[in-house]
> 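Right, I'll just put the structure down here and ask away after.
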Protein chains: 2
Amino acid sequence: MTGVTLTDVAQRAGVSTPTASRVLRGVATVDQQLKEKVLLAASELGYQPNRLARSLRERRTGIIGFLNVGSTAKFHTVLAQGIYDAGLENGYAVVTGMSDTTDRQQSYAQIFAGFQVDGIIVVPTSQSDPAIDRIAKHIPVVEVDRSASSVSRHSVLLDNQHAMEMAVDHLVELGHRHIALLYGVEQVNTELERVEGYLCALRKHGLPRREALMLGDDFSEAGGMRSTAKLLDSGVPVTAVLTTTNEMLAGAVQVLREREINVPEQLSLIGMDDTRWVRLMTPPVTVVEQPAYDMGKKAMELLLAAIDEKAGQHPAEIRFAPRLIVRSSTSPPPFDSL
Amino acid sequence: MTGVTLTDVAQRAGVSTPTASRVLRGVATVDQQLKEKVLLAASELGYQPNRLARSLRERRTGIIGFLNVGSTAKFHTVLAQGIYDAGLENGYAVVTGMSDTTDRQQSYAQIFAGFQVDGIIVVPTSQSDPAIDRIAKHIPVVEVDRSASSVSRHSVLLDNQHAMEMAVDHLVELGHRHIALLYGVEQVNTELERVEGYLCALRKHGLPRREALMLGDDFSEAGGMRSTAKLLDSGVPVTAVLTTTNEMLAGAVQVLREREINVPEQLSLIGMDDTRWVRLMTPPVTVVEQPAYDMGKKAMELLLAAIDEKAGQHPAEIRFAPRLIVRSSTSPPPFDSL
DNA sequence: TTGTAGGCGTTATCAA
DNA sequence: TTGATAACGCCTACAA
């Protein structure tokens with residue numbers, strides 16, 4: 001709120017307000033002399049355009065709403081960085097809302113709409129969000145990381161099926177045949193697709209689907225602990241464990257330690273996302289990595305494209321390829337396993 | 001951009017625009033019948049006030065600019081959550097900029113000013129930022145986590161000296177007398193204060209300051225590796241290592257592993273910030289924890305207070321107390337250590 | 001209690 | 001090329 005207005009600049013330069021506006025925006029052609037006067041006046045006064053007024057007039061704010069989930073996972077942090085960076089590069093500011101609860105998401109949706117944001121990037125928390133649905137009728141919305149399947153929208157996602165397939169392929173190559181999956185029971189597409197990818201891969205390798213090897217729980221550390229305990233207690237033969245999130249992996253690791261089960265000698269382990277702890281663990285964990293930064297950038301770019309050619313182009317679904325990082329938590333299964 | 005304006009609502013309700021405004025804001029007294037008509041019309045039309053226009057008129061936007069550093073550390077993520085939450089609770093939206101480079105910080109500062117933000121929360125990257133300094137003359141600014149010492153401003157910080165003191169106290173109690181410090185050479189107050197805290201604690205316990213035990217480098221994983229290697233190569237007796245950040249700790253851990261130095265049998269270790277990997281490490285690491293969420297919340301609250309009573313109250317410096325979490329990476333020093 | 005008029009700072013339209 | 005004039009959507013002041 002410097003208080004210096006365009007009119008102040010115009011007066012000092014001895015021109016009309018519209019002329020000053022034209023000079024400062026570099027639009028139309030203005031007399032060289034006047035131009036210099038205006039520029040001088042502007043810099044002398046330390047003029048800073050009021051984007052509120054400009055936006056009101058232009059009916060476009062240059063603000064993007066970003067509705068993130070309240071996660072401290074590195075993935076979501078880096079995703080956000082990609083979004084901010086791509087925004088900055090294209091002259092857009094990002095207002096962020098962070099929440100897991102639907103009512104708060106609604107609050108943010110309202111706030112975003114009130115601020116006349118030009119578009120919204122959302123990491124959906126549930127299958128469908130009426131507030132977002134309503135807004136999406138008026139302004140472009142891009143989903144990232146997850147997809148609320150109820151409505152078809154622009155989305156930037158990981159190729160989740162392939163991610164799990166890579167993990168299973170790796171294990172099968174090592175000789176594993178009893179591969180367990182720890183997954184989150186939340187109804188988000190990432191989980192559904194990862195489970196599906198696991199099953200596909202099993203089929204591909206001619207391995208049977210065994211319910212006892214598929215453990216669903218919260219995708220939290222506690223959920224990982226519970227499902228790992230359940231798996232071990234069940235007594236079914238198992239030589240490798242796959243998790244859909246590193247939260248569950250953390251839980252699994254703790255239970256394995258308590259029970260003094262050696263990784264990878266007795267049990268191989270694969271996680272999702274490459275984070276510091278996964279690297280520094282003993283042993284370092286083999287994981288599937290997501291290109292978080294690129295996904296964030298792409299989401300912003302897709303959104304900006306949708307804003308510009310607001311043509312009714314039908315929803316684009318962009319899938320990013322995961323990458324397998326092999327470390328020491330995976331090895332051939334023990335001899336005596338079956 | 002629903003397109004529905006206050007005037008639309010007023011027309012449909014058969015009243016004047018100001019009357020509709022009064023009803024919707026619940027200000028002044030209006031006839032009960034008219035009131036209902038307006039509310040009905042508003043809900044039928046799905047009216048959503050345009051905050052741009054309102055802000056332009058009221059000269060206050062309800063937007064806070066948050067200039068964060070490009071860190072994926074859990075501390076900064078949780079800090080941001082505290083800021084967003086406190087903003088939402090008080091009806092403020094937060095536009096975030098994330099960057100470590102001064103020129104980008106400048107860009108964001110400009111953007112924030114252009115949006116007429118009501119205030120700014122900044123995690124400073126350098127000792128002083130001219131762009132922020134300039135803005136701070138017009139609108140309230142609160143520093144959080146770090147402090148750019150050149151100018152005195154409202155700030156919400158950790159009691160860094162005390163943090164290191166707690167760590168040293170703990171080690172001394174265990175019997176350590178050769179305590180090394182790995183710190184970042186960047187000129188940010190957190191580092192300076194933590195080094196100072198380490199030295200104070202040594203003095204308090206009658207231990208000598210030994211330059212060979214104070215290793216400065218980047219506060220990165222690489223910096224941690226380099227300084228740890230340097231420390232071990234120097235051959236000076238050392239029984240415990242303290243780091244000012246977990247990035248450096250991660251580097252230290254890797255070097256210790258490579259050299260097969262056992263923690264805590266041969267060397268005790270204390271880090272900064274409680275993160276998942278620190279808990280899941282073998283052994284789990286003793287750390288000093290920062291109340292990140294509370295610090296974020298407090299920063300927002302302090303800023304909002306400064307905005308409201310824009311009285312020239314002189315800068316408040318709020319220090320949060322750290323907490324020592326004792327795990328298994330610290331134990332009495334080996335017998336043969338001097 | 002309600003409506004009219006004006007203005008927040010900017011850009012778009014149209015004459016000159 | 002330049003400058004009046006109006007408008008974006010809202011709120012405040014004043015008059016009715």
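So that the names make sense, note that chain A is the first sequence line, chain B the second, and so on, each numbered from 1.
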> Between Glu58(B) and Gln32(B), which is nearer to the 5' end of DNA chain C once each is assigned its nearest nucleotide?
Gln32(B)

> What's Leu52(B) touching, base or sugar-phosphate or nothing? Going by heavy atoms closer than 4.0 Å.
nothing

> At less than 3.5 Å, do the side-chain atoms of Arg54(B) and the base atoms of dC10(D) form a donor-acceptor pair?
no

> Note down the inter-axis angle between the two ends of the helix from dG3(C)-dC14(D) to dA16(C)-dT1(D), five pairs each, to the nearest 10°.
40°

> Check this for me: does any side-chain nitrogen of one of Glu89(B) and Arg104(A) sit under 4.0 Å from a carboxylate oxygen of the other?
yes

> Would you tell me if any nitrogen or oxygen in the side chain of Thr5(A) comes within less than 4.0 Å of OP1 or OP2 on dG9(C)?
no

> Is the distance from OP1 or OP2 of dT11(C) to the nearest side-chain N or O of Ser21(A) less than 4.0 Å?
yes

> Closest nucleotide of DNA chain C for Leu56(A) versus for Val30(B): which of these residues is on the 5' side?
Val30(B)

> In whole angstroms, how far is the P atom of dG7(C) from the CG atom of Asn50(A)?
18 Å

> For a quick check, tell me whether the side chain of Arg22(A) and the base of dG3(D) share a donor-acceptor pair closer than 3.5 Å.
yes

> Can Arg319(A) and Glu193(A) be counted as an ion pair, charged N to O under 4.0 angstrom?
yes

> side-chain contact (heavy atoms from CB on, under 4.5 Å) with Gln33(A): which residues, sequence neighbours excluded?
Asp31(A)

